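By convention in this document, chain letters (A, B, ...) are assigned in the order of the sequence lines, proteins followed by strands, and residues within each chain are numbered from 1. For clarity, every value in this text was computed on a predicted model and none was experimentally measured.
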Amino acid sequence: MQTPVPPPADYLARLNPEQRAAVETIDGPLLVLAGAGTGKTRVLTTRFAHILLTRRAFPNQVLAVTFTNKAAREMRERVSAIIGQPAEGLWLGTFHALCARMLRRHAEHAGLSANFTILDTDDQLRLLKQVMEAERIDTKRWAPPGMMGVIQHWKDRGLTPARITLAEDSDYANGKARLLYTLYQERLRTLNAADFGDLLLHVTEILRTNPDILADYHRRFRYILVDEYQDTNLIQYLWLRLLAQGHRNICCVGDDDQSIYSWRGAEVENILRFEKDFEGARIIRLEANYRSTAPILAAASGLIAHNEGRLGKTLRPGRTDAQKGEKVSIVELWDSDEEARMVGGKIEELRREGHSLAEIAVLVRAGFQTRAFEERLITLAVPYRVVGGLRFYERAEIRDAIAYMRATVQPADDLAFERIVNVPRRGVGDAALRTMHEAARSQSIPLSVAAGRLVEAGGLKGKVKEAVGTLLRQMAQWRDLLGKDGHVVTVAAMLDESGYTEMWKQDKSPEAPGRLENLKELLRALADFETLAGFLDHVALVTENEEQPDDAKVSLMTLHGAKGLEFDTVFLPGWEEGVFPNQRAMDENGNKGLEEERRLAYVGLTRARRRAIVSHAANRRIYANWQPSIPSRFLEEIPAEHVQQANSSSMARDRRVAAATSFPTQFPLQARRPRVIEVWEQPGRPARTDSIPVGARVFHQKFGYGTVKAVDDDKLDVHFETAGDKRVLDRFVERA
DNA sequence: AAGGTTAATGTTTTT
DNA sequence: CATTAACCTT
């Protein structure tokens, strides 16, 4: 390469010394340990731009890898902004998108042709289920999703069926796991399809076994940049290591404290392995946090300090105004309803004070928890959005439309054909489908081809024969049309002529108009792509929801969904043992599971710029019934000097009452929780000591004194003196 | 082949 | 409780 030209310094001058070092340490392996809010993305994009501006490499000689399309888009935009022109011809994208691109170039090495289909999770599962049923596996005893998990885990670790040794074999499905995996992979090849895991697995396998291809990529990629490195799984690591062996200019940015995807195969150990595999690797820590106030940082730091085996980073406030911040609020509430009212009330208050709703988020452990807050915000007429619901391309009507496209351009795609052959209803039921499957299997031909032969040879009769014949003829016409009039016209014809659009027009359900609207949106999106193949790739790889974050709406989302985001005000409800930390995470993964939950809590707290309001309720509804709950251990782990307790008025009243009556409902906030949480380990309601008769005078913690009007098993209808008529559970009242 | 009924089962999720 | 998938009836 030519002598580096001194860069215009302005983009470097805006960095702090450690960030600048991370940008300017260009050659050789580099690991950047970047704490939350320390300018990780800025370093990565500036580094990218720096490589280009100092002419160390052309844009197409840099490989930049992210986990999400959003991160990839952001990086592309920010690099463009720094270099002052649209960044084109970049190898910048998600692991999967980059691998898909590579695999299309070398598909034949994996037994596929270049136009292979990328299957989504639904297709994967249907295919595996078919394989399992063909092998006469009892799918009641061995559920296909479980088997899928085994296969995915193997793929995550770079294990092709041939590489699975006895030691790695699973006893799943009575020792047939490896066989099922082999058969599943064979079916994928027959369908000319790859699942998500295959994209990485195939490419890595090709790089491993074809030195010439690998050498070609070594020549190409002078610099490699990796985002969210703590989230990489083994196969991703192997892929990176193979590609980085050429120039050894690999820079990985990550934060072990934000590793929250181990259940998806991510291995934090990849950070430790980095130093071993890349000898002489430099490590730079980014510890100045520019996002949050000092109390929030101290609270988060104190919490995460309870984890063992950290690489060790200490966040320090980088903002000049950081010291002025409020302490982290911890609010104790009577039950989950009151918690929702508290959050709703505080949001209203913030709104009145002029805070933008876009700067407020409610972060929960599990998706279903958003509902309580949704309901409350609807009542209060506060606009909100739930981030991360059903994605556009996952909607049934969109997947149907895509199946039409896939079946048309890819006659080998049995899954797509099977999906559409009776949608809209054509009278093709189980029996007809079985006939087609048998013909396909006995002659080793695709389902659609078998269907064609059955129509001609009379294997299908009457109405079914007519319907399938018509569909196949239409598909042939659409293929012609695609060559002549292009993909937008063709897809419009598909939806129209197949009767698919008509089906939804006839549908009287309230969702039907929305579905038609989505189909129109699909056609609009289609026009943005030059080819149908390009669009199908996009659909398979870009599943995220497009959203406008500048909307004046409160964001409701899971803690996982919030990673990488920040808000002025963050509500963190449901900090109760069993909910958060999640009981299942602890049961299944022990202390490792607990530590990941703690990292999740750390991620949650560090999303807040100015205000964090953590809350927990003493009673929570689990499915049908109310259960008392214990404050999360994480609450005690936040250093007390950075916390302000703020209890609701009803809680304060209950406290006084509880003290006076010795009714054991409250767990004092600072009390140590019992080691065994009985509520979760013994599901079902506690045994009643005595029944309460009609007419009895009772006392309730929340509603006060009243008289029992009726008894229904464990539910009482009570007329309370101050609260009126209520239906309550008997274990929540005492004889007065 | 379609619709209604019952039983099982409840994290986190990107690609 | 509430959702969904499998099952059974017509």
Describe the nucleic acid contact of A:Glu588 in one word from base, sugar-phosphate, nothing, applying a heavy-atom distance below 4.0 Å.
base

Would you call A:Asp227-A:Lys40 a salt bridge at under 4.0 Å N-O?
yes

Pairwise P distance, C:dA5 and B:dT12 [rounded to whole Å]:
16 Å

Using a heavy-atom cut-off of under 4.0 Å over every strand shown, decide if A:Arg391 touches base, sugar-phosphate, or nothing.
base

With DNA chain B as reference, determine whether A:Arg584 or A:Asn422 sits nearer its 5' end, using the nearest nucleotide of each.
A:Asn422

Look at all strands and tell whether A:Gly197 reaches a base, only sugar-phosphate, or nothing, counting heavy atoms closer than 4.0 Å.
nothing

Which nucleotide span of DNA chain B, 5' end to 3' end, has atoms closer than 4.0 Å to non-hydrogen atoms of chain A?
B:dA1 to B:dT15

Any base atoms under 4.0 Å from A:Arg621, or only sugar-phosphate, or nothing? Heavy atoms, all strands.
sugar-phosphate

Classify A:Lys155 by what it touches in the nucleic acid, base, sugar-phosphate, or nothing, heavy-atom distance under 4.0 Å.
nothing

Flag if over 12 foreign heavy atoms under 6.0 Å of CZ, A:Arg371
no

I'd like to know if the side chain of A:Gln410 pairs up with that of A:Asn192 as donor and acceptor (distance under 3.5 Å, no hydrogens or angles considered).
yes

Determine the contact category for A:Asp430: base if any of its heavy atoms lies under 4.0 Å from a base atom, sugar-phosphate if only primed atoms, P, OP1 or OP2 are that close, otherwise nothing.
sugar-phosphate

Which part of the nucleic acid, if any, lies within contact of A:Phe67, taking any heavy atom under 4.0 Å across all strands shown: a base, the sugar-phosphate backbone alone, or nothing?
sugar-phosphate

Tell me whether A:Arg104 is salt-bridged to A:Asp537, with the criterion being a basic N under 4.0 Å from an acidic carboxylate O.
yes

Applying a 4.0 Å non-hydrogen cut-off, can you work out what A:Asn69 is touching in the nucleic acid: base, sugar-phosphate, or nothing?
sugar-phosphate

Over 12 foreign heavy atoms within 6.0 Å of NE2, A:His437
yes

Can we say A:Arg620 and A:Glu576 salt-bridge, meaning some charged N sits less than 4.0 Å from an Asp/Glu carboxylate O?
yes

